[in-house]
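One structure below.
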Amino acid sequence: MAGHSKWANIKRQKAVVDAKRAKTFTQLSRAIIVAARSGIPDPAGNFQLRTAIDKAKAAGIPNDNIERAIAKGAGTFGGDNNSLEAIRYEGYGPGGVAILVEALTDNRNRTAADLRAAFSKNGGNLGEMGCVSWMFEQKGVCTVEGVVDEEQLLEASLEGGAESYEMTEEEIAEVYSAVEDLETLNKTLNEQGFQVTDTELRWIPSNSVEVTDADQARSLLKLIDTLESLDDVQNVTSNFEMAESLMALSIV
């Protein structure tokens with residue numbers, strides 16, 4: 001189990017009673033704005049937008065907010081949201097762990113300053129573009145729950161163009177595909193009766209760094225938590241491996 005994936009699972013469990021609801025709403029609304037702007041503002045013909053809307057609805061965002069975000073992305077609502085741009089930042093955490101940060105911002109200087117401060121205060125450093133991205137490859141990922149027959153999942157996944165899958169927890173699998181095959185994979189799994197609970201693009205590390213020191217683990221997870229709490233940050237990905245017991249001790 002990749003450390004970052006397990007940490008994400010722990011964070012999701014905490015998020016059931018998460019006090020950062022407003023932050024989640026902002027993230028998901030911004031994702032809708034960008035998806036609507038990068039393609040047609042119609043979810044029927046824009047898979048990225050459709051996926052963003054599904055996540056927003058699952059998080060309980062009201063339909064009025066969703067429609068407003070689509071209108072902002074389409075340029076029919078007004079305001080300054082059309083200035084949002086997607087930027088990827090790269091850096092190192094404690095112990096040499098590689099970290100990718102995906103942000104949506106209307107002010108590059110502010111975002112870069114916030115990220116640099118977060119890295120430096122938690123034992124890491126913000127690097128130049130390309131310093132760690134070579135260690136990652138972007139993939140499409142479908143999370144499937146209620147898996148009781150792995151052979152059936154494998155057959156459906158292969159039919160949908162998947163490259164591989166991994167059982168991450170009991171009856172929960174992550175199915176991986178090339179970026180361009182994600183929509184087909186998602187459609188096929190749903191048509192085959194599987195419960196797809198999440199569909200996303202994710203950076204997958206080609207190598208990992210094992211973290212065994214408690215202080216280092218605490219600093220690393222605090223850094224990731226700090227980065228994720230920043231308003232402009234959408235996703236944080238890293239390449240650490242860590243024992244689950246060490247993660248539990250290090251939750252901040």
Between D225 and K222, does any NZ, NE, NH1 or NH2 come within less than 4.0 Å of an OD or OE carboxylate oxygen? no
With rounding to the nearest 0.5 angstrom, report the [atom1] to [atom2] distance, [X] to [Y].
{"X": "L185", "Y": "E180", "atom1": "CG", "atom2": "CD", "answer": "12.0 Å"}
{"X": "I32", "Y": "R37", "atom1": "CD1", "atom2": "CZ", "answer": "14.0 Å"}
{"X": "I172", "Y": "D198", "atom1": "CD1", "atom2": "CG", "answer": "11.5 Å"}
{"X": "D232", "Y": "L227", "atom1": "CG", "atom2": "CG", "answer": "12.0 Å"}

Would a 4.5 Å heavy-atom cut-off, applied to side chains only, mark [X] and [Y] as touching?
{"X": "S238", "Y": "I224", "answer": "yes"}
{"X": "P94", "Y": "N122", "answer": "no"}
{"X": "W203", "Y": "K139", "answer": "no"}
{"X": "I66", "Y": "I70", "answer": "yes"}
{"X": "S120", "Y": "N125", "answer": "no"}
{"X": "R88", "Y": "V101", "answer": "no"}
{"X": "L221", "Y": "M242", "answer": "yes"}

Using the rule that Ile, Leu, Val, Met, Phe, Trp and Tyr join whenever any side-chain heavy atoms are under 4.5 Å apart, tell me whether [X] and [Y] fall into a single cluster.
{"X": "L182", "Y": "I204", "value": "no"}
{"X": "F136", "Y": "L223", "value": "no"}
{"X": "V236", "Y": "L104", "value": "no"}

Go through the side-chain N and O atoms of [X] and [Y] and say whether any donor and acceptor fall under 3.5 Å apart.
{"X": "T188", "Y": "E159", "result": "no"}
{"X": "T199", "Y": "N186", "result": "yes"}
{"X": "S208", "Y": "N239", "result": "no"}
{"X": "E102", "Y": "Y89", "result": "no"}

Any donor-acceptor pair under 3.5 Å linking the side chain of [X] with the backbone of [Y]?
{"X": "Q27", "Y": "Q234", "value": "yes"}
{"X": "E163", "Y": "S177", "value": "no"}
{"X": "E90", "Y": "G130", "value": "yes"}
{"X": "E174", "Y": "V141", "value": "no"}

With respect to V233, which candidate in T111, L115, T226 satisfies the side chain to side chain contact (heavy atoms under 4.5 Å, CB included) definition? L115
Between Q48 and E183, is the side chain to side chain donor-acceptor pair (under 3.5 Å) condition met? List the steps. CA-CA 9 Å; Q48 182 184 352; E183 182 173 5; over 6 Å; no
When you look at D215 and R218, which way does the salt bridge (Lys or Arg N to Asp or Glu O under 4.0 Å) test go after all the steps? CA-CA 5 Å; D215 290 337; R218 192 173 293 109; 3.2 Å; yes
Would you please name every residue forming a side-chain hydrogen bond (donor to acceptor under 3.5 Å, both in side chains) with E67, sequence neighbours left out? none
